[in-house]
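Quick notes on the structure that follows.
Throughout, numbering of the chain's residues begins at 1 and tracks the sequence. Just so it is clear, the structure is predicted and the values come from calculations on it, not from any experiment.
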Amino acid sequence: MSGAPSQRLSHERLQKDFKIFAHDTASEKQKQEILNNCVALFKKDYDVSIIKNNNMCPTYPKQLIIINESVNTNISDSLETLFDGSKNARLRSRFPVPVICYNGKNICRSATLAQKAECVAKAATNGFSIQSALNWFSGDANNSADDILDTSRNGDIELIKTLKIRYICDLMVEDKKKKFGFYVSSSEKTDRLARYAGFCITAIPYPGTEFFTSWKDHDYSLTEVDWNKYGTDTTSVVLDPDAPRPFQTNDWKTWNISELTNNYLRLILTYIAVSDDCGVLIHCISGWDRTPLYVSLIRMSLWADGVIHQSLSALEMLYLTVNYDWFLFHHYLKDRCSRGEDIFYFCFHYLSHIIGDEFSIDTITREADHQIHSASQKICIRPSDEETDDSGCGSFGSCGRSWEMTSGYMDQYGRSNGSCLSFLEDKSILQHSADNSGSDNTVSAREQDSEISDDALFSMEDGDEEFHVLSRSSCDGLPDDPADSPEMQTTRAKNLMEIRQMMLELYSSFVAGTL
């Protein structure tokens, strides 16, 4: 790759630039130097383009680093125009921007949607009809204000589609944010015209920065989340019903902060792992506290797996995520720390909870594929007297989520393996046992079925016959997919713990005033 720096970053440079970030003393020149270092670190592994942030968003980096693999070459030149068209739709003009690329999929970040008043005000300052804005604010509402909102959100949707985003992960605990009696932001899930209905909007409410004061007061323990205090009456988890999921939605209010973070992180990684080229957009309200928490965790987790930023050392990865994911995208570390809102510290303190193989992208990919595969095993077996010319074939549903087999297909393609029949060389097993009423074998057959029913992915009864779709491991002689080697697990843990140790030492020096 081109543009790699001639030497590795030093620990002294990491310490120096973190001090600038922590004390909020960065000059424009220092910010540019830090940004240049981040660009160089990206270039170690990727061919990148740089898009100048020409007053599109005052709280974004002056230059946006775009991995060329993540965008179509035909539209890379038009991204700046798309960014500019999206900015009015988002709170504080923080439009969706790709920050991580995994297997050609974009992981993007943004703020939530702006309310109509902000859209109109920003449009007026950008040359739209000032009279339209005045009419709206004076209460003389007309179609002009609605047109501005419609144009802004359609521009936002065009950008999201261009970035090939399928999942929008909304970390807000409310549908709309209210301050001083006024709604100051909205959300895709409350758009009254359902403009965002073409995307999978995932509501995963996560407590705001004020919660982390409580976490600090409890000596950084696994604090329970009081949703009566940190949520609203409408706070709820809403997931895509057709996508794999690593948890049950009815349990989320019982989780402590570590369990909540674990499950949401695995959910987002599951969306990333799904085998297509569609990406993810992550946002909270402003996109500078909870959003960088998850962006940073995803970047470090994928790096520890060796699938992104493969040339970077632990020190370089720490430098990149601290400065690009947090500092340059405007996390107010000094202000948050002054109020005890240690969400930044939580990000790195928490790394010890995700060193296990269950957070590796390879494991999550296998689990996601298994869930998709399991969901596809809805069996419909037509009786022989209803068979038609297609009786020798199995048919697949449009999304691979259902398939149908005639009994003729079973007879022709089912392969016997003791009490098991397998089809299409698939990992699933169709177990069939005849229920011969009154025979001595009836009890044993049923007992056998009951013993394996816990492993059954799907069961059905058809008259005197029972069918069970089992996981591959439920049938002897068909082994599970191999797990990652202990060496790989050790490498992941070592990588993450090395970053954690360096950051905790830096942060302790900052808090103690010795940095």
Side-chain angles (χ1 to χ4, degrees), residues 2-3 20-21 24 26-43 46-101 106-114 118-130 132-133 148-149 151-163 165 185 281-283 286-288 291-292 295 320 323-332:
S2 62
I20 292 171
F21 170 35
D24 195 21
S27 65
E28 289 303 315
K29 181 180 179 181
Q30 289 172 322
K31 288 181 181 179
Q32 188 60 53
E33 289 176 352
I34 293 171
L35 179 56
N36 289 343
N37 286 335
C38 292
V39 171
L41 291 174
F42 268 93
K43 286 185 175 181
Y46 302 104
D47 179 33
V48 303
S49 296
I50 303 299
I51 295 181
K52 292 184 178 180
N53 177 12
N54 293 319
N55 299 317
M56 290 187 292
C57 177
T59 57
Y60 273 4
K62 294 297 183 183
Q63 296 170 315
L64 300 173
I65 306 169
I66 308 298
I67 296 175
N68 291 331
E69 177 191 355
S70 69
V71 295
N72 190 309
T73 55
N74 296 327
I75 59 91
S76 58
D77 293 337
S78 63
L79 267 183
E80 184 175 353
T81 301
L82 292 168
F83 289 156
D84 195 61
S86 169
K87 67 181 183 182
N88 289 349
R90 295 279 163 176
L91 186 69
R92 307 180 193 274
S93 300
R94 293 174 67 91
F95 51 84
V97 57
V99 289
I100 301 173
C101 177
N106 285 312
I107 294 92
C108 304
R109 64 182 296 170
S110 72
T112 190
L113 293 179
E118 183 179 347
C119 289
V120 171
K122 288 189 292 189
T125 60
N126 286 303
F128 202 86
S129 171
I130 295 179
S132 296
I148 294 171
L149 181 66
T151 300
S152 299
R153 292 196 175 173
N154 285 339
D156 185 60
I157 290 169
E158 183 182 1
L159 172 60
I160 294 174
K161 287 181 176 179
T162 299
L163 295 173
I165 293 168
S185 68
L281 171 63
I282 303 168
H283 74 72
S286 295
W288 53 38
T291 298
V295 169
L320 178 63
N323 288 290
Y324 195 67
D325 296 332
W326 291 89
F327 172 49
L328 293 173
F329 275 88
H330 227 72
H331 175 69
Y332 293 94

If you take all heavy atoms of [X] and [Y], which pair is closest and at what distance?
X      : Y      : result
Val48  : Phe42  : CG1-CB, 4.1 Å
Tyr324 : Phe329 : O-CD1, 2.8 Å
Tyr46  : Cys101 : OH-O, 4.1 Å
Ala89  : Cys119 : CA-SG, 4.2 Å
Ile66  : Ser70  : CG2-OG, 4.3 Å
Leu91  : Ser286 : CD2-OG, 3.9 Å

Ignoring hydrogens and geometry, is there a side-chain-to-backbone donor-acceptor pair from [X] to [Y] under 3.5 Å?
X      : Y      : value
Tyr60  : Ser93  : no
Asp47  : Asn68  : no
Asn106 : Leu163 : yes
Arg90  : Ala111 : yes

**Report entry** Contact check, side chains of Leu281 and Ser110, non-hydrogen atoms, under 4.5 Å
**Finding:**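 Leu281 reaches Ser110 side chain to side chain.
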Enter the distance from [X]:[atom1] to [Y]:[atom2] here, rounded to the nearest 0.5 Å.
X      : Y      : atom1 : atom2 : value
His331 : Thr59  : NE2   : OG1   : 13.5 Å
Cys108 : Ile165 : SG    : CD1   : 3.5 Å
Leu113 : Asn88  : CG    : CG    : 12.5 Å
Ile160 : Ser86  : CD1   : OG    : 6.5 Å
Asp325 : Ile100 : CG    : CD1   : 6.0 Å
Leu79  : Leu159 : CG    : CG    : 7.0 Å

Query raised in the report: For Glu33, what residues pass the salt bridge (charged side-chain N to carboxylate O under 4.0 Å, His left out) criterion, not counting sequence neighbours?
Result: Arg13
Report task. Only counting residues at least two apart or in another chain, list the ones meeting salt bridge (charged side-chain N to carboxylate O under 4.0 Å, His left out) with Arg94. Result ->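 Testing Arg94 for salt bridge (charged side-chain N to carboxylate O under 4.0 Å, His left out), a comparison that skips the adjacent residues, returns none.
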Requested in this report: Scan Phe327, Phe21, Trp288 and name whichever one has a ring pair (Phe, Tyr, Trp, His ring centres under 6.0 Å) with Tyr332.
Outcome: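 In the set Phe327, Phe21, Trp288, the residue that makes a ring pair (Phe, Tyr, Trp, His ring centres under 6.0 Å) with Tyr332 is Trp288.
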Checking [X] now: which residues fulfil side-chain contact (heavy atoms from CB on, under 4.5 Å) with it, not counting sequence neighbours?
X      : result
Asn54  : Lys52, Glu80
Gln32  : Leu35, Asn36, Lys62, Gln63
Gln30  : Ile20, Ala26, Ser27
Pro292 : Arg109, Trp326

Query - Ion pair check, Glu28 and Lys31, cut-off under 4.0 Å - result: yes
